[in-house]
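Here's the structure, in structure tokens; my notes come after.
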2 protein chains.
Amino acid sequence: MSFRNFELFCDVAECRSFSKAADRRGVSQSSVSQAVAHLEKQLKLELIDRSHRPLALTPAGQRYFEGCRELLAGFERLETEVQELAGRVAGKLRVAAIYSIGLLQMDSYVHHFEAAFPDVDLRVDYVHPEQVYDRIRTDSAEIGLVSFPEDSAELTAIPWQEQPFSLIVHPDHPLAKRASQGYDSAPIEAVQSEDLVNFTSELKVRKQLDRWLREAGVSPNVVHEFDNVEQIRRAVEDGVGVALLPEATVTRSVETGTLVSLKLENVKWYRPLGIIHKRNRRLSNAADRFVELLHEDLNTLRGTDSNESSREGRAGNRDQKLNAST
Amino acid sequence: MSFRNFELFCDVAECRSFSKAADRRGVSQSSVSQAVAHLEKQLKLELIDRSHRPLALTPAGQRYFEGCRELLAGFERLETEVQELAGRVAGKLRVAAIYSIGLLQMDSYVHHFEAAFPDVDLRVDYVHPEQVYDRIRTDSAEIGLVSFPEDSAELTAIPWQEQPFSLIVHPDHPLAKRASQGYDSAPIEAVQSEDLVNFTSELKVRKQLDRWLREAGVSPNVVHEFDNVEQIRRAVEDGVGVALLPEATVTRSVETGTLVSLKLENVKWYRPLGIIHKRNRRLSNAADRFVELLHEDLNTLRGTDSNESSREGRAGNRDQKLNAST
DNA sequence: GTGGCATTATTGATAGAAGTAATAAAGTTA
DNA sequence: TAACTTTATTACTTCTATCAATAATGCCAC
């Protein structure tokens with residue numbers, strides 16, 4: 001019995017559909033149907049109740065599914081473990097990041113990582129902040145990238161970056177003139193009485209901004225609230241108002257000229273970014289290396305050949321006379 | 001990757017030999033070699049160090065071996081579990097029995113069991129008493145059959161049979177005359193001053209016999225000691241002396257006339273047999289049924305069609321429209 | 001070292017399993 | 001019931017595990 005059959009069965013159980021499972025694994029629906037049929041024949045019992053749709057698992061199927069999933073995960077962990085014993089960096093690495101982490105920047109890190117550690121199956125998902133914490137808690141991601149990170153009993157945070165806030169305005173906005181006149185900054189007082197597109201009030205970033213603005217004695221006119229950077233960016237591009245955002249999150253728009261970014265004079269307002277992970281779990285080699293990479297300077301990395309980067313990233317491959325076909 | 005590869009690798013690791021592993025699984029040595037090579041290619045690392053003989057596992061190989069063994073056992077347990085969910089009796093059942101349990105009798109039970117529960121892979125190993133306890137403790141057998149059973153913290157015993165001791169003599173021995181004269185018994189006093197082939201003194205059975213003989217005021221002349229029934233039987237057949245054995249252990253020799261068995265008059269000397277198993281572990285369905293079967297009367301069983309025997313042995317196979325090829 | 005022996009690797013052929021495309025059957029929805 | 005979606009079946013192809021035979025390698029005695 002091939003491993004594949006168990007995987008396919010698990011996919012079917014998760015998708016509650018043969019055809020969706022087939023798509024997920026990139027095989028024909030026929031193949032999946034036969035694989036499950038084969039399993040059932042071996043066990044001499046029905047795992048899936050096809051008499052209704054969407055299909056349901058029989059009690060035995062349910063138990064078998066849970067068991068298979070666990071055991072398959074066990075095999076995966078075992079493989080990663082022996083790879084690490086051999087000094088390799090391999091296995092799955094799931095990262096959950098808030099979308100506004102700065103897509104371009106992340107992409108660059110990911111590419112560097114993949115080049116340096118081709119045996120790692122790295123995936124970065126961009127999700128809502130709450131979901132990042134959820135994924136870490138449920139072990140569906142090993143490390144998470146968040147802003148205003150907070151430790152908890154379960155999770156711990158490693159400081160990562162501090163992104164300075166800038167004043168983001170539409171190119172036609174009066175303040176944008178300063179930029180065209182050679183200035184790349186503005187005093188925070190310039191926001192006074194401006195229409196401000198802001199974050200929604202449940203977000204940590206909004207609370208911090210409110211505190212800072214109060215301290216600075218500046219009271220802008222909040223015209224819209226969104227729970228993510230993308231929407232705020234769009235609103236400013238549409239001329240609804242100005243925004244206070246980390247420049248790194250709107251680099252692309254600034255470069256293409258659809259937005260203008262002005263540094264804030266006299267204040268040091270930063271968005272701290274952090275790397276969170278489960279407190280009581282040792283990070284895999286892959287996660288360790290990813291965290292290391294995140295702390296390196298992208299410009300430095302860009303200069304080097306990615307295969308050489310990240311120290312002895314592939315050390316320990318003494319016995320690599322073995323040729324892999326995959 | 002097929003399951004088979006993992007099994008073969010584990011066999012190689014256990015046997016410390018490719019060819020022995022091949023023999024064990026009944027496949028060619030080539031096949032095993034390729035299977036392991038395939039595994040190593042997938043993992044891109046050496047699992048086995050072939051540069052010396054007997055072969056050794058690399059550190060990674062050792063870890064992988066342990067992991068595979070555990071996970072494969074997990075799959076086996078999972079399968080048994082879902083079969084039991086479906087009301088079936090299936091899976092592996094390992095029984096360890098002392099050799100003298102009465103081979104013929106056991107064989108009959110085994111045949112009945114296999115007929116009633118064809119999905120169970122039953123194996124009975126006959127080993128030394130100490131090993132029976134060991135196997136239970138190390139989980140390499142689920143139930144054990146021993147004489148003079150003793151409970152312990154870890155193990156618990158179910159009483160099974162009480163085999164009456166008989167006086168076993170050579171056909172040419174004076175006492176054998178009694179049998180030819182229609183008597184099938186002898187007083188225990190007949191053993192007085194006889195040459196007795198006995199068990200070694202560390203065995204529980206010997207200690208009990210000594211106690212009984214002392215109580216009866218009978219003092220035979222111990223000429224030989226053996227730690228098992230077989231050797232004692234041979235010694236008596238060779239005319240070395242007489243023996244006190246449960247008749248059930250020498251049935252075959254009595255039937256063929258190489259030994260004569262005389263019941264003991266006036267005394268009730270029995271060898272108690274018990275079924276031992278781990279105290280804190282629920283018995284598998286298969287083990288439960290086997291224990292049940294052991295408590296049924298063999299003569300009753302012999303009369304019935306074995307497919308019908310043992311109550312609803314195959315109950316719960318409602319959904320058996322599925323056809324197995326194996 | 002050098003044979004002789006035992007063990008493992010390699011190779012080419014083959015049988016069987018797993019995959020696919022096409023199509024039939026079954027379930028769902030209007 | 002008809003139209004649609006999903007799953008099963010079938011015939012065919014591709015790929016893979018296995019085998020027998022043989023080469024290569026390691027071990028041991030001399």
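In what follows, chains are A, B, ... by sequence order, proteins preceding strands, each numbered from 1.
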| query | End-to-end bend of the helix from C/dG1-D/dC30 to C/dA30-D/dT1 (five-pair axes, 10° rounding)? | reply | 50°
Expected rows: protein N/O vs nucleotides 9-16 of chain D N/O, under 3.5 Å:
residue: D/dT9; atom: O4; partner: A/S30; partner atom: OG; Å: 3.2
residue: D/dT10; atom: O4; partner: A/S30; partner atom: OG; Å: 3.3

| said: List the residues meeting side-chain contact (heavy atoms from CB on, under 4.5 Å) with B/R77, not counting sequence neighbours, and say none if there are none. | reply: B/A73
| note | Span of DNA chain C engaged by chain B, first through last nucleotide within the 4.0 Å heavy-atom cut-off, is C/dA6 to C/dT11
| said: Set out, in order, the CA-CA distance, both residues' side-chain angles and the distance that settles side-chain contact (heavy atoms from CB on, under 4.5 Å) for B/E142 and B/R94, then state yes or no. | reply: CA-CA 6 Å; B/E142 193 175 354; B/R94 293 292 106 102; 5.6 Å; no
| said: In whole Å, I'd like the distance from the CG atom of A/L47 to the C1' atom of D/dT7. | reply: 16 Å
| request: Determine whether more than 12 heavy atoms belonging to other residues, nucleotides or ligands lie under 6.0 Å from atom CZ of A/R16. | output: yes
| task | Go through residues 55-67 of chain B and report each residue with a non-hydrogen atom lying under 4.0 Å from DNA chain C, sorted by number. | result | B/L55
| task | Figure out the CZ/P separation between B/R50 and D/dT25, and round it to whole Å. | result | 13 Å
| Going through the checks in order, is the salt bridge (charged side-chain N to carboxylate O under 4.0 Å, His left out) test met by B/R88 and B/D119? | CA-CA 8 Å; B/R88 307 250 180 78; B/D119 294 336; 5.3 Å; no
| query | Do B/Q83 and B/N285 pass the side-chain contact (heavy atoms from CB on, under 4.5 Å) test, and can you show the C-alpha distance, the side-chain angles, and the key distance before you say yes or no? | reply | CA-CA 10 Å; B/Q83 292 294 348; B/N285 278 2; over 6 Å; no
| said: Given 3.5 Å as the limit, does a donor-acceptor pair link the side chain of B/K278 with the main chain of B/R137, or not? | reply: yes
| query | Does the B/T138 side chain pair with the main chain of B/D134, one donor and one acceptor, at a distance under 3.5 Å? | reply | yes
Check nucleotides 28-30 of chain D for protein N or O atoms closer than 3.5 Å to its own N or O atoms and list the pairs.
none

| field | With B/F18 via ring pair (Phe, Tyr, Trp, His ring centres under 6.0 Å) - residues at least two apart | value | none
| Is it true that a side-chain atom of B/Q231 and a backbone atom of B/F226 form a donor plus acceptor pair closer than 3.5 Å? | no
| request: Please state whether the phosphate of D/dG26, meaning OP1 or OP2, lies under 4.0 angstrom from any side-chain nitrogen or oxygen of B/H52. | output: no
| query | Which residue pairs pass the ring-ring contact (aromatic ring centres under 6.0 Å, His included) test with at least one member in residues 21-77 of chain A, sequence neighbours excluded? | reply | A/F3-A/F75, A/F9-A/Y64, A/F75-B/F6
| request: Could you give me the CA-CA distance, side-chain angles and deciding distance for A/V95 and A/L122, then say whether side-chain contact (heavy atoms from CB on, under 4.5 Å) is met? | output: CA-CA 8 Å; A/V95 178; A/L122 169 64; 3.9 Å; yes
| query | B/E84 side chain to B/G91 main-chain N or O, any donor-acceptor pair under 3.5 Å? | reply | no
| field | Heavy-atom donor-acceptor pair, A/E79 side chain to A/A90 backbone, under 3.5 Å | value | no
| field | A/Q62 and A/E66: side chain donor to acceptor below 3.5 Å | value | yes
| remark: B/D49 meets the salt bridge (charged side-chain N to carboxylate O under 4.0 Å, His left out) criterion, sequence neighbours left out, with none
| field | Results of salt bridge (charged side-chain N to carboxylate O under 4.0 Å, His left out) for B/E237 - residues two or more places apart only | value | B/R233
| message | Check whether A/T58 reaches the backbone of A/E46 with its side chain - one donor and one acceptor, N or O, closer than 3.5 Å. | response | yes
| field | Results of side-chain contact (heavy atoms from CB on, under 4.5 Å) for A/Y99 - residues two or more places apart only | value | A/L103, A/Y126, A/E230
| Stretch residues 13-28 of chain B: residues that reach within less than 4.0 Å of DNA chain C through a heavy atom | B/S17, B/F18, B/S19
